[in-house]
Amino acid sequence: MLWALAASAALNLAALRLGPSASRDPLGVRLSADNAVESASLMSFGMRRLAADLGLIRLLVYYGTPEPDSREAHEGEPGHHHEPFDSDHPERSWGGGFYPELGPRARRLLDIDPKFSYPALFSAGALAFNLNRPQEALGLLEYGLKRDPGNFQFHAYIAAIGFHKRGDIAQSVRLLEPVLGQPDCPTMIKSMVAFLYKKSGQREKAIRLYREIIETTRDVGYRETAERMLKEIE
């Protein structure tokens, strides 16, 4: 049993490193019973955090894999939003598609480890700011707060999404600023805030945040975007 779990972990790690073109392994792109069995097996061995880590890898691979025929498959569904990906300015696209399992996968990880907030923060940010489904994002964050009531990042995201829905982008950014200094702040949120700094004329803040992304992220896409944006600003 353990060798099978180790093999599954290796496959998922390899898919994550190889990028979207290699992440089409069905183990990583569906919320299947197999995933639940794997998580339950790891937890039975006292490996709750390992189960959560594997779930996060699957979630990142899932969201990092382009959806085939996303527009046709989900046109007309509530909250559907699709923007064509802009390869020259990826920060303006912030991801497109539907990804119906993004919220449920994050909820499952909160059930496994309520203190492991990164998957919920990442997924809520993607749902609210990338996929135009703020209500689903708020539901996920409220689900997280029931399990970790003292998590100030959940509160900050809820407030920021509320102001974003009302069109007050400046206030949304101000509410997210305290989150930027947290070690588990998703790079996606940093990149989004940096772009909004740039867009609103806060040049020095944008430069500082883009430099931080370049120095700290392992994600080639975000690093290249930050380098490109810095060239435009400096």
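Numbers here are sequence positions counted from 1. Everything quoted here is computed from the prediction, not taken from an experiment. Quick note: numbers below take in every heavy atom, side chains included, and nothing from hydrogens, waters or symmetry partners.
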*Asks:* Could you list the residues that satisfy side chain to side chain contact (heavy atoms under 4.5 Å, CB included) with L230, not counting sequence neighbours?
*Replies:* I207, Y210, R211, I214, E234
*Asks:* Hydrophobic clustering (ILVMFWY, side-chain heavy atoms < 4.5 Å, transitive) - are L175 and L138 grouped together?
*Replies:* no
*Asks:* For F154 and A120, work out which heavy atoms get closest and say how close.
*Replies:* CE2-CB, 4.0 Å
*Asks:* Minimum heavy-atom separation for A52 and F116, please, with both atom names.
*Replies:* CB-CD2, 3.5 Å
*Asks:* Checking D113 now: which residues fulfil salt bridge (charged side-chain N to carboxylate O under 4.0 Å, His left out) with it, not counting sequence neighbours?
*Replies:* none
*Asks:* If the condition is side chain to side chain donor-acceptor pair (under 3.5 Å), which residues does T216 pass it with, not counting sequence neighbours?
*Replies:* none
*Asks:* Are F129 and F163 linked, directly or through other ILVMFWY residues, by side chains that come within less than 4.5 angstrom of each other?
*Replies:* no
*Asks:* Applying side-chain contact (heavy atoms from CB on, under 4.5 Å) to V193 and L209, what does each step give before you reach the verdict?
*Replies:* CA-CA 8 Å; V193 172; L209 193 49; 4.0 Å; yes
*Asks:* How close do L121 and Y157 get, counting heavy atoms only, and between which atoms?
*Replies:* O-CE2, 3.2 Å
*Asks:* Taking atom CZ of R133 and atom OH of Y99, what is their separation to the nearest 0.5 Å?
*Replies:* 11.0 Å
*Asks:* Which value, rounded to the nearest 0.5 Å, describes the distance between I112 atom CD1 and R107 atom CZ?
*Replies:* 14.5 Å
*Asks:* Distance from L196 atom CG to H164 atom NE2, nearest 0.5 Å?
*Replies:* 8.0 Å
*Asks:* When rounded to the nearest 0.5 angstrom, what is the spacing between CG in L145 and CG in L140?
*Replies:* 10.0 Å
*Asks:* Going by salt bridge (charged side-chain N to carboxylate O under 4.0 Å, His left out), name the residues that satisfy it together with R208, two or more places apart in sequence or in a different chain.
*Replies:* none
*Asks:* So, using salt bridge (charged side-chain N to carboxylate O under 4.0 Å, His left out) as the criterion, who are the partners of E224 when residues are at least two apart?
*Replies:* none
*Asks:* Who are the side chain to side chain contact (heavy atoms under 4.5 Å, CB included) partners of A137, not counting sequence neighbours?
*Replies:* A124, L127, A128, I161
*Asks:* Between R105 and L60, is there a donor-acceptor pair closer than 3.5 Å when you use the side chain of the first and the backbone of the second?
*Replies:* no
*Asks:* What closest approach, in Å, do T65 and V61 show between heavy atoms, and which atom pair accounts for it?
*Replies:* OG1-O, 2.6 Å
*Asks:* I'd like to check the salt bridge (charged side-chain N to carboxylate O under 4.0 Å, His left out) partners of R203; sequence neighbours left out, ordered by chain and number.
*Replies:* none
*Asks:* Out of curiosity, D53 CG to Y118 OH, how far, rounded to the nearest 0.5 Å?
*Replies:* 12.0 Å
*Asks:* Could you name each residue pair satisfying salt bridge (Lys or Arg N to Asp or Glu O under 4.0 Å) that touches residues 142-161, not counting sequence neighbours?
*Replies:* D111-R147, K115-D148
*Asks:* Return the OG1 to CD1 distance between T225 and I213, rounded to the nearest 0.5 Å.
*Replies:* 9.0 Å
*Asks:* Nearest heavy-atom pair of K198 and A206: which atoms, and what distance?
*Replies:* N-CB, 3.7 Å
*Asks:* Mind jotting down which residue pairs meet the salt bridge (Lys or Arg N to Asp or Glu O under 4.0 Å) criterion with at least one end in residues 165-185? Sequence neighbours excluded, please.
*Replies:* E177-K205
*Asks:* Which heavy atom of M188 sits nearest a heavy atom of A126, and at what distance?
*Replies:* CE-N, 3.4 Å
*Asks:* Is there a path of hydrophobic side-chain contacts, each under 4.5 Å between heavy atoms of I, L, V, M, F, W or Y residues, that connects L141 with M192?
*Replies:* yes
*Asks:* What pairs with F122 under ring-ring contact (aromatic ring centres under 6.0 Å, His included), at least two apart in sequence or on another chain?
*Replies:* Y63
